[in-house]
Amino acid sequence: ITSIAAIGTLLILLHLLQSDLSETSTQERELRDGITGSQFELFYQPQHDGKGRLIGAEALVRWRHPERGLVAPGEFIPLAERTGLILPLGQSVLEQACRQLARWSREPGKAGWSLAVNVSALQMQQAGFVATVLGLIDYHGVVPGRLKLELTEGVLLQDFDQVSAKMHQLRSAGIAFALDDFGTGYSSLQYLRRLPLEQIKIDKSFVAELGRQDRDSAIVGTVLVLGRSLGLQVIAEGVENAEHWQLLSGLGCRLFQGYWFSVPMALPDFEAYAEAGRLPSDWAQPVPELPE
Ligand code: C2E
Ligand code: MG
Ligand code: MG
Ligand code: MG
């Protein structure tokens with residue numbers, strides 16, 4: 001009887017495993033079809049300086065799914081990374097970003113905007129990554145300094161020397177790098193010293209606790225001081241309200257991104273937002289610039 005029960009359990013487990021596998025491959029196929037079918041689209045979230053000026057955007061990919069509607073990256077990036085589909089997807093994101101930057105460079109008032117693109121570990125490890133990016137900016141005629149690649153600390157854990165070498169090659173061509181979600185991974189001060197970074201992005205989890213957790217204010221303040229002394233820009237992400245903005249400003253932050261300004265928008269909405277030039281209604285007078 002026990003062995004029959006054991007076999008029964010085993011069969012159930014096998015069945016579960018199989019349906020799980022086939023479900024995964026259905027999702028994978030759908031993702032693959034979505035990529036070849038150009039269903040992935042960039043949304044743009046504005047970034048502002050301390051005077052409220054729009055300085056550019058972060059490109060955040062969305063899946064315009066024929067049945068499910070707009071799907072957020074949290075629902076497909078992990079699968080894309082597990083299956084390697086992040087490579088063609090990331091390529092499409094880079095292509096769209098370069099095309100858009102090139103368009104903006106020909107339009108008055110938009111030529112100075114920068115566009116930040118998230119890059120996955122697998123992309124960075126790809127043998128031809130440097131050539132691909134250089135090829136794209138050359139083909140589209142992008143001013144290299146306008147393209148910013150966002151890496152997380154996880155990317156650096158893969159193969160630090162290889163990633164660092166690629167970053168230096170791209171940096172010599174003028175491309176900028178930002179360290180995303182700073183403070184959430186295995187940050188090492190070595191990274192900040194050895195990598196050709198232009199910017200660090202304070203993770204939104206620290207911003208969320210500002211004014212509630214003294215330690216988070218201390219961390220944010222320290223990151224700002226560190227950035228300044230290393231000649232790095234520091235941008236805060238996840239700025240959701242006037243209080244965040246005020247506390248961050250008081251700590252010396254001069255670059256901001258978050259829902260308080262706007263959620264990520266489809267291109268026409270982003271351009272309309274830029275055109276309107278409106279700031280949040282509770283935007284305060286800018287605090288004086290910090291001495292250089
Ligand atoms: P991330 O690069 O750290 O992007 C910031 C995320 O925070 C975005 O989520 C953005 O919509 C959200 N956010 C912005 N402002 C606020 C705010 O004030 N409050 C809160 N709570 N959240 C805010 P999203 O668009 O869902 O993207 C999630 C993550 O997916 C990104 O995190 C990034 O790691 C990844 N991702 C997005 N697009 C791409 C892509 O093209 N390639 C790759 N490899 N990853 C991407
Ligand atoms: Mg990012
Ligand atoms: Mg981030
Ligand atoms: Mg993130």
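Whatever order the structure lists ligands and atoms in, that order sets their numbers, starting from 1.
- The closest approach between a heavy atom of Glu81 and any atom of ligand 1 is not below 4.0 Å.
- Inclusion of Asp181 in the first shell of the Mg ion (ligand 3) is supported: an N, O or S atom falls under 2.8 Å.
- In this structure, Gly238 is part of the shell of residues with a heavy atom less than 4.0 angstrom from ligand 1.
- Between Phe43, Tyr259, Trp260, it is Tyr259 that holds the heavy atom closest to atom 22 (N) of ligand 1.
- Under a 4.0 angstrom heavy-atom cut-off, Pro264 registers as being in contact with ligand 1.
- Residue Arg62 places at least one N or O, backbone or side chain, under 3.5 Å from an N or O of ligand 1.
- Results of the side-chain hydrogen bond (donor to acceptor under 3.5 Å, both in side chains) test with Asp49 over Arg53, Lys51, Gln47 single out Arg53 as the only residue that passes.
- Side chains of Glu240 and Trp260: no donor on one and acceptor on the other come within 3.5 Å.
- When Ser262, Pro73, Ala72 are checked for heavy-atom proximity to atom 36 (N) of ligand 1, Pro73 turns out nearest.
- Within the coordination shell of the Mg ion (ligand 2), defined by N, O or S atoms under 2.8 Å, Glu150 is present.
- The Mg ion (ligand 3) lies closest to atom OD1 when only the N/O/S atoms of Asp180 are considered.
- Geometrically, Arg68 engages Trp63 in a cation-pi contact, judged by NZ or CZ lying under 6.0 Å from the ring centre and within 45° of the ring axis.
- Nearest residue to atom 6 (C) of ligand 1 from Glu58, Lys204, Glu237 is Lys204 (criterion: closest heavy atom).
- Between Phe40 and Leu31, the closest heavy-atom pair is CZ-CD1, 3.6 Å.
- For the Mg ion (ligand 2), the set of nearby N, O or S atoms under 2.8 Å includes none belonging to Thr152.
- Taking distance alone, with nitrogen or oxygen atoms compared against 3.5 Å, Gln45 approaches ligand 1 more closely than that limit.
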Test log, rule side-chain contact (heavy atoms from CB on, under 4.5 Å), inputs Tyr44 and Asp269
CA-CA 9 Å; Tyr44 300 83; Asp269 296 330; over 6 Å; no

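- Of the listed options Glu150, Lys201, Glu240, Glu240 places a heavy atom closest to atom 21 (N) of ligand 1.
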